Amino acid sequence: MLEPSEVKSAGKVVDWLAEGLQPLLPEKVEANLEKLVVSGHSKGGKTAFCVALGYSKIKLKFSALVGIDPVAGISKSCETNPHILKGVPGSFNLNMPVAVIGSGLGPKKSNCCTPPCAPDGMNHKEFFKECKPPCANFVVARYGHMDMLDDETAGVIGTLLSKCACKNGSGPRDLMRRTIGGLVVAFLRAQLHDHWKDFDAILGNPNLAPTQLDNMVYIPSS
């Protein structure tokens with residue numbers, strides 16, 4: 001089974017938590033590793049799925065998975081390794097709640113010279129389609145793949161990737177970050193602590209979010 005370096009490294013970080021986290025926490029703060037969540041953005045989102053799917057052998061178990069605009073490659077013929085997208089609904093063998101948050105502008109080109117950063121067939125839609133319930137999908141309509149990053153990113157490469165390579169929204173990035181943060185917290189409170197008030201509220205009225213949400217879908221477990 002192919003295990004790319006980033007997937008292997010992510011697995012090592014997860015295993016480190018079991019012994020390495022507690023000594024670094026403040027006094028009287030105790031880590032609760034019984035409810036562990038794995039998450040990532042872009043290729044890191046796919047890496048999070050890979051680790052949750054068992055492509056990296058880890059000691060700890062996850063309670064939930066959050067993919068933030070996950071991307072599996074530039075096209076269906078060029079998926080990064082390992083090839084986890086099967087094109088089959090519900091094909092992911094994940095026994096945990098999953099939230100997938102996408103960007104409305106991710107599938108659009110920034111210019112004529114670069115491909116979309118989150119192309120159709122390889123983005124959040126496909127990841128969500130292959131999830132089993134309980135699972136949720138949200139789309140931050142007016143923002144792009146990199147708009148969850150800081151307003152200013154260091155270095156020439158950081159600026160090019162953040163501001164030029166991907167189609168970006170015209171609004172403040174803070175709205176994108178606040179929307180994603182709120183969705184993640186509401187989803188995890190509902191799934192891990194059975195506190196459904198906030199999650200039900202956003203499902204019932206997406207206008208509560210700081211910016212526009214489209215195509216909200218939540219499929220509960222049967």
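Just so we're clear, the structure is a prediction, and the values are computed from it rather than from any experiment. Just so it is clear, the values below take in all heavy atoms, side chains as well, and ignore hydrogens, waters and symmetry mates.
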Review point. Any sub-3.5 Å donor-acceptor pair from R142's side-chain atoms to G171's backbone N or O?
Key: no

Check your understanding: Who are the side-chain hydrogen bond (donor to acceptor under 3.5 Å, both in side chains) partners of N205, not counting sequence neighbours?
Key -> none

Practice item. Go through D214 and Q212 one step at a time and tell me if the side-chain hydrogen bond (donor to acceptor under 3.5 Å, both in side chains) criterion holds. Key: CA-CA 7 Å; D214 282 351; Q212 181 180 339; 2.9 Å; yes

Review point. Looking only at heavy atoms, which two atoms of C135 and F128 are closest? And how far apart?
Key: SG-CE1, 3.6 Å

Exercise for review: Identify the heavy atoms of M148 and I180 that sit nearest to each other, and give their distance.
Suggested key: CB-CD1, 3.8 Å

Exercise for review: Report the C-alpha separation of Y143 and L175 in whole Å, then their side-chain angles, then the decisive distance to 0.1 Å, and conclude whether the side chain to side chain contact (heavy atoms under 4.5 Å, CB included) test is met.
Suggested key: CA-CA 9 Å; Y143 285 86; L175 298 182; 3.6 Å; yes

Review point. Can you hop from V185 to V66 via hydrophobic side chains spaced under 4.5 Å?
Key: no

Review point. V13, F62: one ILVMFWY side-chain cluster at the under-4.5 Å cut-off?
Key: no

If you look only at distance, which donor and acceptor atoms sit under 3.5 Å apart when one is on a side chain in residues 114-125 and the other is two or more places apart or in another chain?
| unit_1 | atom_1 | unit_2 | atom_2 | d |
| --- | --- | --- | --- | --- |
| T114 | OG1 | N111 | OD1 | 3.1 |
| T114 | OG1 | N111 | ND2 | 3.4 |
| N123 | OD1 | K125 | N | 3.1 |
| N123 | ND2 | A118 | O | 3.0 |
| N123 | ND2 | P119 | O | 3.4 |
| H124 | ND1 | N137 | ND2 | 3.4 |

Exercise for review: Indicate the atoms forming the closest heavy-atom contact of M146 with N168, along with that distance.
Suggested key: CB-OD1, 4.1 Å

Check your understanding: Looking at R173 and D147, does any basic side-chain N land under 4.0 Å from a carboxylate oxygen?
Key -> yes

Which pairs would a plain distance check flag for residues 84-106, meaning a side-chain donor or acceptor within less than 3.5 Å of a matching protein atom at least two apart in sequence or in another chain?
| unit_1 | atom_1 | unit_2 | atom_2 | d |
| --- | --- | --- | --- | --- |
| K86 | NZ | H83 | O | 3.1 |
| S91 | OG | V88 | O | 3.0 |
| S91 | OG | E130 | OE1 | 2.7 |
| S103 | OG | D69 | OD2 | 2.5 |
| S103 | OG | G106 | N | 3.3 |

Exercise for review: Decide whether V217 and L65 are clustered together by the hydrophobic rule: side chain heavy atoms of Ile, Leu, Val, Met, Phe, Trp, Tyr closer than 4.5 Å, transitively.
Suggested key: yes

Identify every side-chain donor-acceptor pair in residues 40-49 under 3.5 Å, counting partners at least two apart or on other chains, and give the distances.
| unit_1 | atom_1 | unit_2 | atom_2 | d |
| --- | --- | --- | --- | --- |
| H41 | NE2 | H145 | O | 2.8 |
| S42 | OG | H145 | NE2 | 2.7 |
| K43 | NZ | E6 | OE2 | 3.2 |
| K46 | NZ | E79 | OE2 | 3.2 |
| K46 | NZ | T80 | O | 2.3 |
| K46 | NZ | T80 | OG1 | 3.0 |
| K46 | NZ | P82 | O | 2.7 |
| T47 | OG1 | K43 | O | 3.1 |

Review point. If every non-hydrogen atom of I202 is compared with every non-hydrogen atom of M216, which pair is closest and at what distance?
Key: O-CE, 3.2 Å

Revision key, fill the gap. On a heavy-atom basis, the closest approach of G11 and S56 is CA-OG, 3.3 Å

Review point. Does V71 belong to the same Ile/Leu/Val/Met/Phe/Trp/Tyr cluster as V38, with side-chain heavy atoms less than 4.5 Å apart forming each link?
Key: no

Practice item. Give a yes or no answer on whether the side chain of K59 reaches the backbone of A18 with a donor-acceptor pair at less than 3.5 Å. Key: no

Practice item. Starting from the C-alpha separation in whole Å, work towards a yes-or-no answer on ring pair (Phe, Tyr, Trp, His ring centres under 6.0 Å) for Y218 and F138. Key: CA-CA 9 Å; Y218 174 61; F138 303 90; 8.5 Å; no

Review point. What pairs with D200 under salt bridge (Lys or Arg N to Asp or Glu O under 4.0 Å), at least two apart in sequence or on another chain?
Key: none

Exercise for review: Quick one: closest heavy-atom pair of L208 and A201, and the distance?
Suggested key: CD1-O, 3.6 Å

Exercise for review: Check salt bridge (Lys or Arg N to Asp or Glu O under 4.0 Å) between K132 and all other residues, then give those that pass, not counting sequence neighbours.
Suggested key: none

